Amino acid sequence: MENQKNNSGSSKNFKAKTSEQFQGDGMSTMLLTQEAPAASGNTDSGAGLTESDAQTTSETSSPSVSVSSVDSSTPQGAENTDRDQGNEPTGAETTKSPSVGSADAIIGITSSTGSKTSPFEIPRVDLTSTTTTGLIVKTTPPSTVVATSVATMSTTSTTSTSTSTTTTTPPPCRLTCTEFNNYLLNPTEKPSPTDGSFENATKCNRKYFVSKASLTRNEAALKCKALDMKLLAVTSLEEMDCLAYLKAGTYWTSGSNEDFKCDLEKKYAWCSTGYNLSTPTLLSSPKFWLSTTAAPSTLERCLALVNSNNSAQKGIVHRNCKDTLPYICQYPVDCPQQCIKNISLFDSSGNLKNKNSYGVWIDIGIYTYLLGNRPMTWLSNYLQCCALGMEALNIDNFAEQLALTTFSLGFNTTTWKANFNYWTSGTWKGSPVGLWSWCEPSGPAIFDHGLTWERGQPDNKNGNESCVHFRFIMNSTGTVLTDRNCSNSLIYACKMPISTTPKPCTASCPKNLCKRDQKYFDQTTTLVTTQC
């Protein structure tokens, strides 16, 4: 099969398959239970949706995503634009939006406007010693004074009671991203050539600005903004390995401890990107944190990177935000800012309703994959997976791509029951051309340098191919990546960590009959103890 975007594996030649259960290389796959006709190529699920709807988060709006149940008879589609036939858009990338209420409008965004709740604040109450006659003064934050007459009367005297109250208010210990973002409203100048330089991390095709000057955390973020960049967010161990190729030292990141209770629980955010640092595997990884026995103080609310090419001497540490350190700036990536699960698609036990109607489910290694059955734009693909409680398909490293290849080699174009071409979460939108990132729920993550692209790809044809497509080729090459226009229609694909259901605990009793052995008894049926 020829490795071209218009080969027989192209999405335009998709064939709907009759569903059944099949197995390959010991990996079980649940397939669709109904046959679906070939799709209209112009299908899109982004009803009423624009790129800016999902990618822009403001202080006064909170978008929510709702996805209606997908009918199992919905056609499996083919990509509606084929570059070799001259039908691919050549202008700016836009998201196609079918009319609301159409059969293909499975994703919608609604926004409710209201004031954003203010950060947690400890009331400041200025109390002084108060002595009164016949009064007890009670002070309740915020400074509410209640006076109650207290008197004890007798036939000979009157007794008065006086109370003195003194309170000290601890300083707020929660540093919020609101303070970070407000600081970025200040004017500043770009760093001078003596303040730092741009450095390339060739292993992961990344470019950073690495400073020599030392600033506070918020001052560092402001300098990055002046360069049209963002203060560093380390969203994966792969990026930490990538950074090791830069100069060793301790650098500011945009990480901040966002714990309401101020007890240093593991609740963090990357203030420069607006994403929560919510990946459990990242936070719990010993490779993420610098090995130390010293517990951070309550004033060390910001995160810095200790960078080194020695794995034992690198990692994230807590620092006081007012400390002055060098900093690293990175290019932003325009990933959707919201990834919202649609709970209406799940039953009371948390199981997805009509699971098989969404496509082909495959368990490989540590992941469950959903190879969908509806064509949509890149953005709609991302939101569809979020609604299903999953993330849009991304390939962590070459080993994961090889596992998908190995699985597909157990089939041919006749026995393969899914489609061949799918969207991923990959994009370079917002960055210089070719600086690819995966849009994950925890924020942009870098591409592993060992991933396999189709020959001649990526090529950014017509200057507007900034999203990544994944193809099953069904030959020895197995699987490849190509770049495509983000407004094209391709089948959605999702993944999530594989879930295992523990086997129920069942009692195991002997199946033999319980029968008395006569050799242990005498003629009077008395138990002979010496025989036991």
Side-chain angles (χ1 to χ4, degrees), residues 57 59 119-121 171-192 194-199 208-236 239-240 243 246-260 262-278 282-283 288-290 292 294-308 314-332 442-444:
T57 303
E59 291 291 319
F120 176 85
E121 296 179 355
C173 61
R174 178 174 182 250
L175 178 65
T176 68
C177 286
T178 300
E179 178 184 336
F180 177 96
N181 292 328
N182 287 341
Y183 195 88
L184 295 185
L185 300 177
N186 295 316
T188 191
E189 296 180 353
K190 291 183 178 181
S192 68
T194 59
D195 289 336
S197 59
F198 287 92
E199 304 290 341
Y208 302 93
F209 177 82
V210 181
S211 80
K212 298 176 183 177
S214 294
L215 301 171
T216 66
R217 199 281 297 268
N218 287 355
E219 290 171 344
L222 191 59
K223 287 297 183 181
C224 290
K225 180 185 176 184
L227 293 170
D228 293 325
M229 302 177 77
K230 291 184 180 292
L231 189 59
L232 180 66
V234 186
T235 58
S236 66
E239 181 147 26
M240 188 171 289
L243 291 163
L246 303 179
K247 183 180 178 181
T250 301
Y251 299 93
W252 275 129
T253 77
S254 65
S256 176
N257 188 310
E258 294 296 297
D259 176 34
F260 283 88
C262 300
D263 57 4
L264 293 182
E265 291 182 3
K266 292 181 179 179
K267 298 179 181 178
Y268 298 90
W270 297 117
C271 292
S272 62
T273 63
Y275 289 91
N276 289 331
L277 206 175
S278 57
L282 190 60
L283 287 175
F288 183 71
W289 300 99
L290 180 69
T292 178
S297 76
T298 56
L299 296 178
E300 294 178 325
R301 313 298 296 179
C302 291
L303 301 183
L305 169 70
V306 177
N307 196 39
S308 172
K314 69 179 181 181
I316 299 295
V317 294
H318 292 80
R319 292 294 296 259
N320 188 315
C321 306
K322 301 301 182 183
D323 290 347
T324 57
L325 297 173
Y327 55 94
I328 296 177
C329 305
Q330 63 188 177
Y331 285 102
S442 58

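Note that the structure is a prediction, hence the values are computed from the model and not measured.
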Checklist line | Worked verdict on Arg319 versus Thr250 for side chain to side chain contact (heavy atoms under 4.5 Å, CB included) | finding: CA-CA 10 Å; Arg319 292 294 296 259; Thr250 301; 4.0 Å; yes
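- The shortest side-chain heavy-atom distance between Trp270 and Ser442 does not fall under the 4.5 Å cut-off.
- Contact of the Val317 side chain with the Thr292 side chain is not registered, since no non-hydrogen atoms from C-beta on lie closer than 4.5 Å.
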Next item on the list: For the pair Met240 and Leu305, evaluate side chain to side chain contact (heavy atoms under 4.5 Å, CB included) and give the outcome as yes or no after the intermediate values.
Entry: CA-CA 9 Å; Met240 188 171 289; Leu305 169 70; 4.3 Å; yes
Notebook entry, point to check: What do the steps show when you test Leu290 against Lys314 for side chain to side chain contact (heavy atoms under 4.5 Å, CB included), and what is the final call?
Noted result: CA-CA 6 Å; Leu290 180 69; Lys314 69 179 181 181; 5.6 Å; no
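- Ser254 contributes a side-chain N or O that, together with a main-chain N or O of Leu232, makes up a donor-acceptor pair within less than 3.5 Å.
- Using a distance-only test at 3.5 Å, with no hydrogens or angles considered, a donor-acceptor pair links the side chain of Trp252 to the main chain of Leu215.
- Under the 4.5 Å side-chain criterion, counting only non-hydrogen atoms from C-beta, Pro191 is in contact with Tyr327.
- A donor-acceptor contact shorter than 3.5 Å links the side chain of Asn186 to the backbone of Tyr183.
- Side-chain contact check for Asp195 and Ser192: at least one donor-acceptor pair (N or O, by modelled atom type) lies under 3.5 Å.
- Rounded to the nearest 0.5 angstrom, His318 NE2 and Leu299 CG are separated by 12.5 Å.
- Using modelled atom types, one side-chain atom of Thr235 and one backbone atom of Pro444 make a donor-acceptor pair closer than 3.5 Å.
- By the 4.5 Å heavy-atom criterion applied to side chains, Pro326 and Tyr251 are counted as neighbours.
- The distance from the CG atom of Asn182 to the OG1 atom of Thr178 is 6.5 Å, given to the nearest 0.5 Å.
- Residues Ile328 and Glu199 fail the side-chain proximity criterion, which asks for heavy atoms closer than 4.5 Å.
- Side-chain atoms of Glu239 do not come within 3.5 Å of backbone N or O of Ser236 as any donor-acceptor pair.
- Between the side chain of Asn307 and the main chain of Lys247, a donor-acceptor pair closer than 3.5 Å is present.
- Remark: the backbone N or O of Lys230 is not paired with any side-chain donor or acceptor of Ser272 at under 3.5 angstrom.
- For Tyr331, the side-chain hydrogen bond (donor to acceptor under 3.5 Å, both in side chains) criterion is met by no residue, not counting sequence neighbours.
- With a 4.5 Å cut-off on side-chain heavy atoms, Phe209 and Lys190 do not count as touching.
- Listed for the Trp289 side chain is no donor-acceptor partner under 3.5 Å among the backbone atoms of Gly315.
- With a 4.5 Å cut-off on side-chain heavy atoms, Thr188 and Lys223 count as touching.
- Side-chain contact check for Arg217 versus Leu231: some heavy-atom pair is nearer than 4.5 Å.
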